[in-house]
Structures are given as C-alpha cells and as structure tokens.
Amino acid sequence: MELQIKIIGGLFILLAILHVFFPKYFNWNYELSSLSLMNRQMVQVHLFFIGFGLFLVGLLCLTSSDGLLNTSFGRRVSFGLGIFWVVRLYVQFFVYSRNLWKGKAFETTVHILLSLFWTYASIVFILGYFAK
C-alpha cells in the first residue's frame, strides 16, 4: 500500500506541473479577456492554488506514506483525501458536461485517464484508512 501512495504522490506532482501549461493550452489570454479583472484573476489564482495543492499533497504522499498508513492521524488524513477524490470523481461525471469530451479523441482519452486516476486515488486513500 505504501508503494501505491508513493505512485499517487508522483502522479499528483506530474499533474501539478501540467497546470503550468493550462493557460496556454486553453488560450486564456483570449478566453478570459472578456471577464472582469476580478474574475480573470480569480481563475488564475485558483489554478495556481490547485496546482500548488496537488504538488504539496504529492510531496506528502512521497515523503510520508508510512505516516499516512501507520498513524491514526495519517489514516484520518488518508480518509479525508479519499473522500476528496471520490467527490472529484463525482464531478467528473455529473458536473462537467459530456459535450466537453464526447466525440473528441484527445479529450475523451484525458477524461478516461483522469476518471481512472480519481478512482485509483480514492480507493487507495480509503483503503489506507482501513489498513491495520
């Protein structure tokens, strides 16, 4: 189970790094230009903190997998992370429109990969809570 937590940690860090490329990929210079300054900066700041949060959780998983599995506090943190990723998985299917990915090869591949990742993270963290 410790290896699984570390794998997830590495994947979180990779996902955090990918957030750096989102503004260019999603053409935010153009797409966000019609927003008010407040809304535009809120989107940009939220992107930063989502990426930063993923990076920090990734570091936690890589450096403290033993603690996440073998202490009562760590198991509670694991359970919280598991619930978080279950909710994220729910959002993947019931909040985002299918029109964003359906019939588009790249977007469908990303949708499937992220769905699998959210499922994997949810299961590992929740099982980590029940370990021992």
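Given the structure is predicted, the values throughout are model-derived calculations rather than measurements.
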S.K.: Assign the ring pair F130 / F79 to parallel, tilted or perpendicular, where the plane angle (0 to 90°) is split at 30° and 60°.
M.R.: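 Perpendicular, since the angle between the ring planes exceeds 60°.
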S.K.: So which residues get pulled into Y30's cluster when ILVMFWY side chains under 4.5 Å apart are joined, directly or through others?
M.R.: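 Its cluster mates, by chain and number: none.
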S.K.: Just wondering, more than 12 heavy atoms not from F52 lying within 6.0 Å of its CZ?
M.R.: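 No, not enclosed.
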S.K.: With heavy-atom distances below 4.5 Å as the criterion, would you say the side chains of L60 and V77 are in contact?
M.R.: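 SC-SC contact between L60 and V77 confirmed.
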S.K.: Partners of S65 by side chain to side chain donor-acceptor pair (under 3.5 Å), sequence neighbours excluded?
M.R.: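 Here the qualifying residues are E2.
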S.K.: Got a sec, which residues hit side chain to side chain donor-acceptor pair (under 3.5 Å) with H19, two or more places apart in sequence or on another chain?
M.R.: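 Partners of H19 by the side chain to side chain donor-acceptor pair (under 3.5 Å) criterion come out as none, since no residue qualifies.
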S.K.: Atom CE in M1, atom CG in L68: separation rounded to 0.5 Å?
M.R.: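 With rounding to 0.5 Å, CE (M1) is 11.5 Å from CG (L68).
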S.K.: How would you list, by chain and number, every residue that makes a side chain to side chain donor-acceptor pair (under 3.5 Å) with E107, sequence neighbours excluded?
M.R.: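 Partners of E107 under the side chain to side chain donor-acceptor pair (under 3.5 Å) test: none.
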S.K.: Can you list the residues that meet the ring-ring contact (aromatic ring centres under 6.0 Å, His included) rule with F49, with sequence neighbours excluded?
M.R.: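 Here no residue qualifies.
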S.K.: State which residues pass ring-ring contact (aromatic ring centres under 6.0 Å, His included) with F12; sequence neighbours excluded, sorted by chain then number.
M.R.: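 For F12, the residues satisfying ring-ring contact (aromatic ring centres under 6.0 Å, His included) (neighbours in sequence not counted) are W85, F117.
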S.K.: State which residues pass side chain to side chain contact (heavy atoms under 4.5 Å, CB included) with S33; sequence neighbours excluded, sorted by chain then number.
M.R.: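 S33 satisfies side chain to side chain contact (heavy atoms under 4.5 Å, CB included) with no residue once adjacent residues are dropped.
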S.K.: If you link I, L, V, M, F, W and Y whenever their side-chain heavy atoms are under 4.5 Å apart, who else ends up in the same group as L116?
M.R.: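 Direct or chained contacts put L116 with I112.
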S.K.: Considering residues at least two apart in sequence or located in another chain, which fulfil the ring-ring contact (aromatic ring centres under 6.0 Å, His included) criterion with Y96?
M.R.: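 Counting only residues at least two positions away or on another chain, Y96 forms no ring-ring contact (aromatic ring centres under 6.0 Å, His included).
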S.K.: Mind jotting down which residue pairs meet the side-chain hydrogen bond (donor to acceptor under 3.5 Å, both in side chains) criterion with at least one end in residues 40-59? Sequence neighbours excluded, please.
M.R.: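 Every pair satisfying side-chain hydrogen bond (donor to acceptor under 3.5 Å, both in side chains) with a residue in residues 40-59: there are none.
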S.K.: State yes or no: do Y25 and L113 share one hydrophobic cluster built from I, L, V, M, F, W and Y residues joined by side-chain heavy-atom distances below 4.5 Å, directly or via other members?
M.R.: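 Different hydrophobic clusters.
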S.K.: After noting the C-alpha distance and the side-chain angles of F26 and F22, does the key distance pass the ring pair (Phe, Tyr, Trp, His ring centres under 6.0 Å) rule?
M.R.: CA-CA 6 Å; F26 292 110; F22 285 8; 5.6 Å; yes
S.K.: Taking only residues two or more places apart in sequence, or in another chain, which ones meet S36 in a side chain to side chain donor-acceptor pair (under 3.5 Å)?
M.R.: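 Side chain to side chain donor-acceptor pair (under 3.5 Å) list for S36, sorted by chain: N39.
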S.K.: Tell me every residue that passes ring-ring contact (aromatic ring centres under 6.0 Å, His included) with F94, counting only those two or more places apart in sequence or in another chain.
M.R.: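 Testing F94 for ring-ring contact (aromatic ring centres under 6.0 Å, His included), a comparison that skips the adjacent residues, returns Y90.
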